[in-house]
Amino acid sequence: MPQIIDGKVISAQIKDEVREKVSQLKAQGKSVCLAVIQVGNDPASSVYVGNKKKACAYVGIESLSYELAEETTQEELLSLIWELNEKKEVNGILVQLPLPGHIDENEVIRAIDPKKDVDGFHPQSVGALCIGQPGFVSCTPAGIIELLKRSGVEIAGKECVVIGRSNIVGKPMALLLLRENGTVTVAHSRTKNLKEVAKRADILVVAVGKPKMITRDYVKEGAVVIDVGIHRNENNKLCGDVDFEDVSPVCSAITPVPGGVGPMTIAMLMYNCANSVSLQ
Ligand code: GUN
């Protein structure tokens, strides 16, 4: 059986390290504060936002909560962001996505001061990652790098295939694997011969958004498989983009769903918040 890469254990370690760092900052008279903005009350977003606030409480980061009505205008949201950009006591600003359809997400992200962009979504943060300069890194791909490193998976020189090219996961994931000296291929919905391309991977990162799409015929014997997907199946059970039962016997290590990549996102958000203090 493969090594099961346990995101619950690794995310707990990271949160404990952040908690220690936050307490050291406090001892130097520096507190850490994250402003969390949610527009509307999408139930999934409310769960994520609730979990982020809980994690803040655990690591000792203060969280300020802004729950705005669905009808909030773009101007109102931008004004709040500008106000939070100016507040010295606010270190990080997080606008929970997706936003209601009448709001331009890109403009909202661009309004956040890059020094407070703990999600790592601002074009300046993405550009810095691209050219190897310091800046915030998107939490889910940063969490995947931690999962790999802390599980003893070497990245340098490995064939890495990322399936999915979203701005939040696929693209930054490819850049981070490249930064770790992997040989990186980004595959997507228009990739020809996807199975053959995926089978080249020593490290296969799957973020396609389709339940159980990746079966063993996409996976090279002994590959490390990272599953970013999260879905509910016919029986209301959580599953990923990877068919875990089918793929497990052929790979050397795999992340489960739930309990793999999922918990890492919030742990890395806490990490980014604690680091924001030194960037400011
Ligand atoms: N919606 C889903 N994932 C995320 C995330 O990592 N950050 C924000 N701001 N919104 C999200």
Side-chain angles (χ1 to χ4, degrees), residues 2-19 34 36 38 42-59 61 63 94-98 118-121 136-151 153 162-164 166-174 176-177 203-214 224-233 235-248 251 253-274:
Q3 175 189 1
I4 305 296
I5 299 178
D6 192 334
K8 278 195 263 180
V9 167
I10 296 173
S11 66
Q13 281 167 1
I14 292 173
K15 280 190 280 183
D16 284 339
E17 289 162 17
V18 172
R19 187 178 154 117
L34 171 67
V36 181
Q38 185 181 355
D42 170 60
S45 289
S46 300
V47 172
Y48 288 132
V49 164
N51 288 339
K52 288 171 187 179
K53 289 194 274 194
K54 256 191 246 165
C56 282
Y58 179 76
V59 302
I61 292 176
S63 62
L94 181 145
V95 181
Q96 186 65 28
L97 304 179
V118 286
D119 256 329
F121 294 168
F136 292 109
V137 177
S138 181
C139 301
T140 301
I144 291 170
I145 296 291
E146 288 301 314
L147 283 179
L148 292 170
K149 286 187 172 172
R150 291 174 190 239
S151 305
V153 177
V162 180
I163 313 183
S166 70
N167 291 339
I168 294 183
V169 181
K171 286 179 198 154
M173 186 75 255
L176 283 173
L177 289 164
I203 299 172
L204 179 64
V205 180
V206 186
V208 283
K210 291 199 180 130
K212 293 194 177 189
M213 179 183 142
I214 301 303
V224 174
V225 179
I226 304 291
D227 188 353
V228 184
I230 184 146
H231 315 275
R232 286 212 180 263
N233 71 8
N235 308 320
N236 210 31
K237 259 189 73 183
L238 292 172
C239 70
D241 291 346
V242 175
D243 186 335
F244 185 90
E245 274 70 38
D246 192 56
V247 167
S248 290
C251 63
I254 186 166
T255 57
V257 176
V261 173
M264 296 302 292
T265 302
I266 292 184
M268 296 314 289
L269 174 67
M270 297 300 105
Y271 174 89
N272 280 352
C273 289

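Each residue takes its place number in the sequence, starting with 1.
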The reported gap from CG in Asn233 to NZ in Lys212 (rounded to nearest 0.5 angstrom) is 6.0 Å
CE on Met264 to CD1 on Ile145, rounded to 0.5 Å
10.5 Å
Heavy-atom side-chain proximity of Ser151 to Ile10 below 4.5 angstrom
yes
Within a reach of under 6.0 Å around OH of Tyr48, are more than 12 heavy atoms found that belong to other residues, nucleotides or ligands?
no
For Gly7 and Ser11 the tightest heavy-atom approach is O-OG, 2.7 Å
N/O donor-acceptor pair under 3.5 Å between Thr255 side chain and Ile5 backbone:
no
Heavy-atom donor-acceptor pair, Ser138 side chain to Ile168 backbone, under 3.5 Å
yes
So, does Asp241 use its side chain to make a donor-acceptor pair with the main chain of Val208 at under 3.5 Å?
yes
Quick one, Ile230 with Leu238, criterion side chain to side chain contact (heavy atoms under 4.5 Å, CB included). Give me CA distance, side-chain angles, the key distance, then yes/no.
CA-CA 7 Å; Ile230 184 146; Leu238 292 172; 4.0 Å; yes
Do the non-hydrogen side-chain atoms of Tyr58 and Asp16 ever get within less than 4.5 Å of each other?
yes
Can you tell if the side chain of Pro98 reaches within under 4.5 Å of the side chain of Ser45, non-hydrogen atoms only?
yes
Heavy atoms of Lys8 and Asp6 approach each other most closely as N-OD1, 2.9 Å
Measuring only between side-chain heavy atoms, which start at C-beta, is Ile14 closer than 4.5 Å to Met270?
no
Do Lys52 and Ser63 come within less than 4.5 Å of each other through their side chains, counting heavy atoms only?
no
Using a 6.0 Å cut-off, check whether atom CZ of Phe121 has over 12 heavy atoms from anything other than its own residue.
yes
Atom pair CD1/SG of Ile214 and Cys251 - distance to nearest 0.5 Å:
12.5 Å
Indicate the atoms forming the closest heavy-atom contact of Ala207 with Val169, along with that distance.
CB-CG1, 3.9 Å
Atom pair SG/CG of Cys139 and Asn272 - distance to nearest 0.5 Å:
4.5 Å
OG of Ser248 to CG of Asp243, rounded to nearest 0.5 Å, is 8.5 Å
Could you check if a side-chain atom of Ile254 sits within less than 4.5 angstrom of a side-chain atom of Ile4, using non-hydrogen atoms only?
yes
Roughly how far apart are Met268 CE and Lys15 NZ, rounded to 0.5 Å?
12.5 Å
Close side-chain approach of Val228 to Val205, heavy-atom, < 4.5 Å
yes
Using the side chain to side chain contact (heavy atoms under 4.5 Å, CB included) rule, pick out the option among Ile144, Leu148, Val162, Val137 that qualifies with Leu176.
Val137
